[in-house]
Structures are given as structure tokens and as C-alpha cells.
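Questions regarding the structure given below will be posed in turn.
To find a chain, count down the sequence lines: A is the first, B the second, and so on, and within it residues start at 1.
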Amino acid sequence: MLEFAEVQLHNRKTLFVEVILPLAISRNYTYRVPFEMNNGAVVGKRVVVQFGKSKLYTAIIESISEHAPEKYEAKYIIEILDDAPVVTSRQLQFWHWLAEYYMCNEGEVMNAALPSALKLASETKVMLNREYEYDKTQLNDKEYLITEALDIQPELTVSDIVKLLGQKTVMPILKSLFEKNIITISEEVSERYKPRKKTYITLNPVYQNPDNRRELFEILEKRAPKQADALLTYLKLSRQQKAVAKNELIEESGAGESSIKSLIEKEVFFAEHKTVSRLGYEEDDESISNFTLSGAQQLALDEARLHFEKKDVVLLHGVTASGKTQIYIKLIEEMVATGRQVLYLLPEIALTTHIIERLRIYFGGTIGVYHSRFNDNERVEVWQKVLRSEYKVVLGARSSIFLPFHDLGLLIVDEEHETSYKQYDPAPRYNARDAAIYLANMHGGKVLLGSATPSFETYYNARTHKYGLVTLTERYGGVQLPLVEVVSISKELKQKTMQSHFTSVLMADMQLALENKEQVILFQNRRGYAPVLMCRVCAYTPKCINCDVSLTYHKHTTKLHCHYCGYKEDTPSVCPACGSTHLEYKGFGTEKVEDELSVLMPDVRLARMDLDTTRSRNSLQTILNNLEEKKIDILIGTQMVAKGLDFADVTVIGIINADSLLKYPDYRANERSFQMLAQVSGRAGRRGKQGKVVIQTYDPGHRVIKQVIENDYADLYFTEMEERKSFKYPPFFRIISIDIKHKNPEILYNQAEYFTNELRKHFGDRVIGPEAPLVNRIRNYYIKTIMLKFERDGVSVVKAKALMRDVITQFQTTKLSKGSVVQPDVDPY
DNA sequence: AGCACGCCGACT
DNA sequence: GTCGGCGTGCTC
């Protein structure tokens, strides 16, 4: 009786939910729950709400209250989409932290976190009003065009109509057609995730009886031989496997769809529709563990375990090819045995079938994979499997920190120094490595950071005992580190021994490798053919119409490309400024290296790996397979080749031009160059042979190059740290940079000056700038950057950020800020 | 993000 | 004049 009363009472309550909308807006909004949905309203579920005039969005319930908002009338929730929350409350807490830490909105975090199939938005659909007769002669041209199109195609979206009319503003026209009763407008959301269904066939148990079966078969053989075939095939298949799928049966038996259908109608077969996974590797895969660690690895593993007793984060600093992955596997196994979940983060590019298959051997169906090449439906399936704890281990890229883990015991961040862990555009500008540490902490889990060339931030934390430090100096299987030879380009130019961009040393080493049936990787950190096209007479250089950069010539398309906004234009044959035909290509990218090498070595099989050749879905995998199967002799690529490639027969690595790395105007240039060169070099001579690395440079005496030759990370670290300290850079200081953008450079100048001054009032000389970045206009927006440096100790960054938020909002309420975009970037790269 | 409203230039 | 682009403000 009491229970009943309670339910009644509960039903009578008016509930209000605060929801997160998947939009870049600064607040959450409150909606009212209809009585009948009271019991369904749970934090973490998705709801459909109307936001604005007409649009419907999927929002996430962040909190529930009984207090009606005072200042406005809340709209009703339209629908609750889930039976159980799809986002855990711990995730909501994580989202909240991310939004605070990285100074963005929760909606932006939600956008990054949820697979898009889970956050459907409505689309406006336009249809003819069938109930109503109208006079076509009464319509103007545009209205007529729309009705004509609707005669052919019953449904049009707003963007269809924009294209149809070739103009941006179409709403007024649609509105008038609606008011004339000629069209109807609907706003609908539909669940975009569709489980994959498969039809399975089972035999009516009646025919398990041999006599019945024989009788049936005899009838079928006479009247419907195709059906008899199908029956025989079914019997054969069902002996071989657990379940027989309908399409499999059709394929095997050669019987048509109709034969199967009539057998189902005759109730010989039963059809059953089942939801199947798109992800493959079902749970019957068995996991095995049968490798032994080397002495050094075992020692490192023991040390890591010991550190974990006292510390939450441990850095595994192991040289390239030292077998860090095996140590990870041991730690993962131990954690899985305790029943907790594990997340293993890798840079996107390193998530190849190679590593995935390797991990699947050990963890079978309990390991999930999550990366950007997955489609929406696949992502939702991974999400659900993590949510239901079916996956114990997830191997994933940056965004997998957003999966709905329940009990994360261990988080591994491999190649911890990788800049690709930081997302820049769009917000949230988060660093998955740092966010991972917070996430693990929320779960009471441990973090293992792994790298051959740790970021200084991490190494500093390890040296100051904030993190545990484990060092592995030995390569696995006793393979030697590669021999590094530095070759002076200027010297070879003088001697006239260069052949296009290749020194005689590199040419000789490549030739030798090819003779031995070995492979070569060439590294050139620039894509395209030539980054600058210049007129020899008047020095004119084609520039992007939207950005402040010169256009890169791409031979493949024979066009000039902008690498910032994607703009393309035809390559001029005469100088547009002076009419001269003497146009010269300056500088060179991967395309040109490939081109020239194909002339010098016509019989060699070349391939190129950069953004341009790996854009489509499987192209990266194809290149890697070809390399593995030795269908490629020389691979030319950008930084992509430095990451995660592990091929036994690559013995020579050529750095075509190290100077482009070393000359980069950034306080991290040396750290980056070392990482880059050490990582590329690490690709040489794994398993058995000593590799060789040839570094071509104009500056062979450069300090960093010496440190690379000696593989002296410590020396690099200590020399660089002196500078970091005196110039107030990380890891001694935290940096928050703020980009301010405007279409007009003069207005931007004034805005930036004013805004910087406002910041200075609060933060004094911690504020640096405003300065124009290297590329000061992108997509027609001029940019100024303001930098804030905060000392690591004694300053509350949380308070500083709150204050900065205030200053930004204050600025945005002044008239002066009109038309500007302000983008904070916390811990920028 | 999307949509309405209001201002302003260009086009018949 | 009017149409359409573009900037601005608001959405529970």
C-alpha cells in the first residue's frame, strides 16, 4: 500500500532535467519531464528536445531536479531514447572536468565523445501538400522550381533547395509556400544506429526423425529438386557449424531465394532474425599467452609493478624496438585477471592490423578496437560493448578515452610524446595523454606511459619522482641500434656528387640495400611536389586566396594546393604579375622526391606515404601490406613513416633534409627534431640486422644531430631544460594561449591590443603578446596569439582559468569585440 | 549549430 | 524599390 502511494507521489512530482546539447553553447538548458516519463528520466540517458524555433536535438540528461526554473517556462522533453543510460555518471564528471580544464563547453566535449550515430539531430524535410490543389501559374519562378522538383522527388531537405535555387536564403520562400498551403514542412529525428540483422535457418525438429526426413526428401526430389538440394546442403552445413545463415545456405546450395522461402512456408525450415556484431572476432576466439620476456624486460616489468604500489603513473622509457609491447601485454593480462578494464592508447597512425592482430592473439574476443576509420555503426557497437563490460581491453586512438568504462584498472599511453594526442580543431583542444591520467585517477586506476623519446613534461615528472621511472636501454633480441651517418649537403654540392636531392652516401647505401633485397625508407617532412612556385623575373609567388601561405604545387593533380584550407587552383604557365614564362619550383616535398628517384632508379618499386596517398579508407593498410610483402623497395613519406612501422627488411633510412625540422621557429623544435629523428631511425634494422641511417643536412655540426648520433636523450634533456627554465617554458611553466581572429586585420589589431590589456590587468607580465602567428591568416580570418605563462607552483591554474573566462566574457560583451572569435588553447603544442 | 531579424549594397 | 547577403542575438 505504501509502495503504491510512493509511486503515486512520484508520478505527481514535476521533474526538470538539465541537459547537455551537442552544440558549442556556453550553458546547459532545462526541460520539463512529462508525468508519464518521470520513471524513465535518469541521468545519462539521451532525450530528444526542441531547441530554438524548430530544430530537434539529442541531449544528455546531466541532472534532475524538482525545482521549476523561475525566469522562463521550460519546454517539455519530447522523448526519452534509452532504456538505460548510455553515458555513465563518471563520464559526465569527466566531461565536466575536460570542459573546465580545456576552457570549452560541455556540448563541445559531448560532440567529441559520443559517436555521431548516438547524437541524431533533426532535419527539415519539405513535401508537397497532397490535400491541396493550387494553380501553378500563380507561382513565381522560384516557387515553381521547388514544386516541380517535388513532383519528381517527394521529399527535399533545406540544403537540397539551397542547391536547387543556387542561393543561401531559402527560408522566406519556404515559409510563403507553407502559408499558401502548397507544401508541408516536417522535422524528424530517427535513430541512426541500426543493429545488423542476419537470418538464420533451423530445421523443423519433426525432421530430426530419419523416417520423416526420408519421406520429405523423396517428395521434394520429385516435385522441387532445388529445394531438395537446399535441404541436403543445410544438413551438410549444420553438421559442420553451430548455426546456418540464410545467405550462406543460398550461396552453398545454388538454390534461389525462392526455394528457401517456400521451404520456410512449408515449415520445413524455421527462419530466425538475429542481431549480429559488425566487429568480427566473436567471443570464441581463444587467448593464449606463451612468450617469455627477456631478462631486461622482466626486470622492467618488475620495476613497473613496484612503482605502481606507490605511484599512479609510471613512465617506461625504452629505446626503440626494446619490446615495450610485450611488457604492456603482461600488465594487461594481470589487470584483466583481476576483472578490471584496460585501455591501451596508441596514435591513430600506429593502429594498423599488425598491432591489432598481435593483441587479438592474447586477448581474443575480449579486446575492442576504436579508431577513426570505424564507421558510425561500428563505433556504437564498441561503445555498447564497453558499456556492458563485454570488452575488458580496448585498443584505441585519442578519442577512445571517451568510451563508457566502468572500472578502468590500467591505462597505457604508448608513444606518449606523440603530438597527435593533442586535438586542435575543433574544440575540445584536449590532450588525450593528460586527460587519460585524470580519467585513470577517477577510476582509481594506474597509468603507464611508454616512449623511446619521452616528452619533456613527462620526463620531468618522472625525474622529480612524481611519476615512477623505468628505463629499458636494451633492444629486444640483442639487435643493435642503427649506425647513424651524417652527410653534409653543402660539401657534396661543392664536390658535385649530389644527384638531385640525394647525396652519394645515401645513393650508395640505397643501392647496397636493394642489391641485398632489403628495403629503404626515405623521410621528407613535406608533402606535395614543391611548396613554392616563384617567378624568376619578378619574384611573384602564388598565394592562397583564403590564407596567408604560398600554394604548394602537386604534380599528381597539376594544381596548386593550399595545405591550410584545401583551396586548389590551376598552375599558371605564365606569371600572372609580369607575364614571364620563367616560373620556378622552389623547395621540394615527398612527391618530388618520388618523382626524381623514379628517374634515377627506374627499375625500383617506389611508394609514397603521406596525407595525399592515405586519404581513402584502406590506402594506408594497402601501402603497409605491400611493404610487408616486399612489393615496395623504397617507401618515401612524411612523419607518417616514423610511426609504428615495424618491418624486418628495412635496413636503410634516409632523412632527405634534416634542416626543415631543426630550423622550425618553436621552443620545442629541438625536442621535436630529436624525437622525429630518433623515431625514424628506430625503424631501421630490427630483428637481426644492424640498420643504417643517413641524415642529410646543411648543418652537420648541429647539436641535436650529435645527440641523435649518440642517442643521448639525457644530454638533449639537460641542455634544453636550461633554456626552458630561463625562458619560462614548460615543463617549468604552464602555457595557455588564446587565439583571437577577425576578418579585418585593423579591427583585429585593436581588439587584440585591448583584450591583451584587459588580461594584463589581472595577470601582469604573465601575459605575452599579442603576436601574429607564423601563418597569420587562415580561411579568411586574421589571427593574433596571446600567450599566458603560469608558474607551476604557487599559482592556482583553476582560479586563473576562471578569471580568464570572466575576462573573455567581459570582452565579448563589449561592442569592441564585434565579429571576433576567441579560442583558448590550454597546454598548446 | 540554426534560425529570425535588421541593415545595406546591387540590380531590373 | 526589392532581393539577397551578411552580421547579431537567442535558444530552456
Using every non-hydrogen atom in the two residues, find where Gln751(A) and Lys818(A) come nearest and quote the distance to one decimal.
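That closest heavy-atom pairing would be NE2-O, 3.1 Å.
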Just how far, in rounded Å, is P of dC12(C) from OH of Tyr72(A)?
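Going from Tyr72(A) (OH) to dC12(C) (P), I get 9 Å.
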To the nearest 0.5 angstrom, please state how far the CG atom of Leu98(A) sits from the NE2 atom of His96(A).
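Reported value, rounded in 0.5 Å steps: 11.0 Å.
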What residue pairs, at least two apart or across chains, pass ring pair (Phe, Tyr, Trp, His ring centres under 6.0 Å) with a residue in residues 62-89 of chain A?
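Qualifying pairs, neighbours excluded: none.
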For Glu18(A), answer base if it contacts any base atom (sugar-phosphate contacts may also be present), sugar-phosphate if it contacts only those atoms, and nothing otherwise; contact means non-hydrogen atoms under 4.0 Å.
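No contact at all - Glu18(A) keeps every heavy atom at 4.0 Å or more from the nucleic acid.
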With sequence neighbours left out, what residues match Glu148(A) under salt bridge (charged side-chain N to carboxylate O under 4.0 Å, His left out)?
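In terms of salt bridge (charged side-chain N to carboxylate O under 4.0 Å, His left out), with neighbours along the sequence ignored, Glu148(A) is linked to Lys136(A).
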Any side-chain hydrogen bond (donor to acceptor under 3.5 Å, both in side chains) involving residues 162-178 of chain A? Give me the pairs, sequence neighbours left out, ordered by first then second residue.
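Sorted result for residues 162-178 of chain A: Lys142(A)-Gln167(A), Glu143(A)-Ser176(A).
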Is Tyr31(A) near enough to dC12(C) that one of its side-chain N or O atoms lies under 4.0 angstrom from OP1 or OP2?
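Indeed, a polar side-chain atom of Tyr31(A) lies that close.
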Polar atoms only, N or O, under 3.5 Å: list the protein pairs with nucleotides 5-8 of chain C and their distances.
{"residue": "dG5(C)", "atom": "OP1", "partner": "Lys168(A)", "partner atom": "N", "Å": "3.4"}
{"residue": "dG5(C)", "atom": "OP2", "partner": "Lys168(A)", "partner atom": "N", "Å": "3.3"}
{"residue": "dG5(C)", "atom": "OP2", "partner": "Thr169(A)", "partner atom": "N", "Å": "3.2"}
{"residue": "dG5(C)", "atom": "OP2", "partner": "Thr169(A)", "partner atom": "OG1", "Å": "2.5"}
{"residue": "dC6(C)", "atom": "OP2", "partner": "Lys168(A)", "partner atom": "NZ", "Å": "3.3"}

What is the distance, rounded to the nearest whole Å, between atom CD of Glu108(A) and atom P of dA1(B)?
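Rounded to the whole Å, the gap is 8 Å.
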Let me know the distance between CG of Asp141(A) and P of dC3(C), rounded to the nearest Å.
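Roughly 13 Å, once rounded to whole Å.
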Using the test side chain to side chain donor-acceptor pair (under 3.5 Å), find all partners of Tyr424(A) that sit at least two apart in sequence or belong to another chain.
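If we apply the side chain to side chain donor-acceptor pair (under 3.5 Å) test to Tyr424(A), skipping adjacent residues, the hits are Asp739(A).
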With the threshold set at under 4.0 Å for non-hydrogen atoms, list the residues of residues 20-27 of chain A touching DNA chain C in residue-number order.
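Per residue number, the list reads Ile25(A), Arg27(A).
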Rounded to whole angstrom units, what separation is found between the NZ atom of Lys71(A) and the P atom of dC10(C)?
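Going from Lys71(A) (NZ) to dC10(C) (P), I get 15 Å.
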Just how far, in rounded Å, is P of dG2(B) from CD1 of Ile185(A)?
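Atom CD1 in Ile185(A) sits about 16 Å away from atom P in dG2(B).
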Just how far, in rounded Å, is P of dA1(B) from CZ of Phe51(A)?
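From Phe51(A) CZ to dA1(B) P: 12 Å.
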Kindly say whether the aromatic ring centers of Phe790(A) and Phe763(A) come within a distance under 6.0 Å.
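Between Phe790(A) and Phe763(A), the centre distance is under 6.0 Å.
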For Arg27(A), all residues meeting side chain to side chain contact (heavy atoms under 4.5 Å, CB included), sequence neighbours excluded:
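Expected list: Tyr29(A).
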Does dG2(B) have its OP1 or OP2 closer than 4.0 Å to a side-chain nitrogen or oxygen of Lys55(A)?
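No, Lys55(A) has no side-chain N/O under 4.0 Å of OP1/OP2 on dG2(B).
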How would you list all residue pairs meeting ring pair (Phe, Tyr, Trp, His ring centres under 6.0 Å) that involve residues 136-193 of chain A, not counting sequence neighbours?
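Counting only pairs at least two positions apart or across chains, no ring pair (Phe, Tyr, Trp, His ring centres under 6.0 Å) contact touches residues 136-193 of chain A.
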Pairs flagged by side-chain hydrogen bond (donor to acceptor under 3.5 Å, both in side chains) wherever residues 55-65 of chain A is involved - sequence neighbours left out
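Only Asn28(A)-Glu62(A), Lys55(A)-Thr124(A), Lys55(A)-Glu187(A) qualify under side-chain hydrogen bond (donor to acceptor under 3.5 Å, both in side chains).
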For Ser116(A), all residues meeting side chain to side chain donor-acceptor pair (under 3.5 Å), sequence neighbours excluded
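With sequence neighbours excluded, Ser116(A) shows a side chain to side chain donor-acceptor pair (under 3.5 Å) to Asp376(A), given in chain and number order.
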Annotated protein contacts, base or backbone, on nucleotides 4-12 of chain B with a non-hydrogen cut-off under 4.0 Å, one of B, S, - each
S--------
Tell me every residue that passes side chain to side chain contact (heavy atoms under 4.5 Å, CB included) with Thr419(A), counting only those two or more places apart in sequence or in another chain.
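Thr419(A) satisfies side chain to side chain contact (heavy atoms under 4.5 Å, CB included) with Arg672(A), Tyr829(A) only.
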The side chain of Tyr57(A) is closest to which nucleotide in this list: dC3(B), dA1(B), dC12(C)?
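Nearest nucleotide to the side chain: dA1(B).
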Nearest whole angstrom, please: distance from the P of dG2(B) to the CG of Asn111(A).
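So the two atoms are 11 Å apart, to the nearest Å.
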Without decimals, in angstroms, what is the distance between Gln812(A) CD and dC10(C) P?
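From Gln812(A) CD to dC10(C) P: 14 Å.
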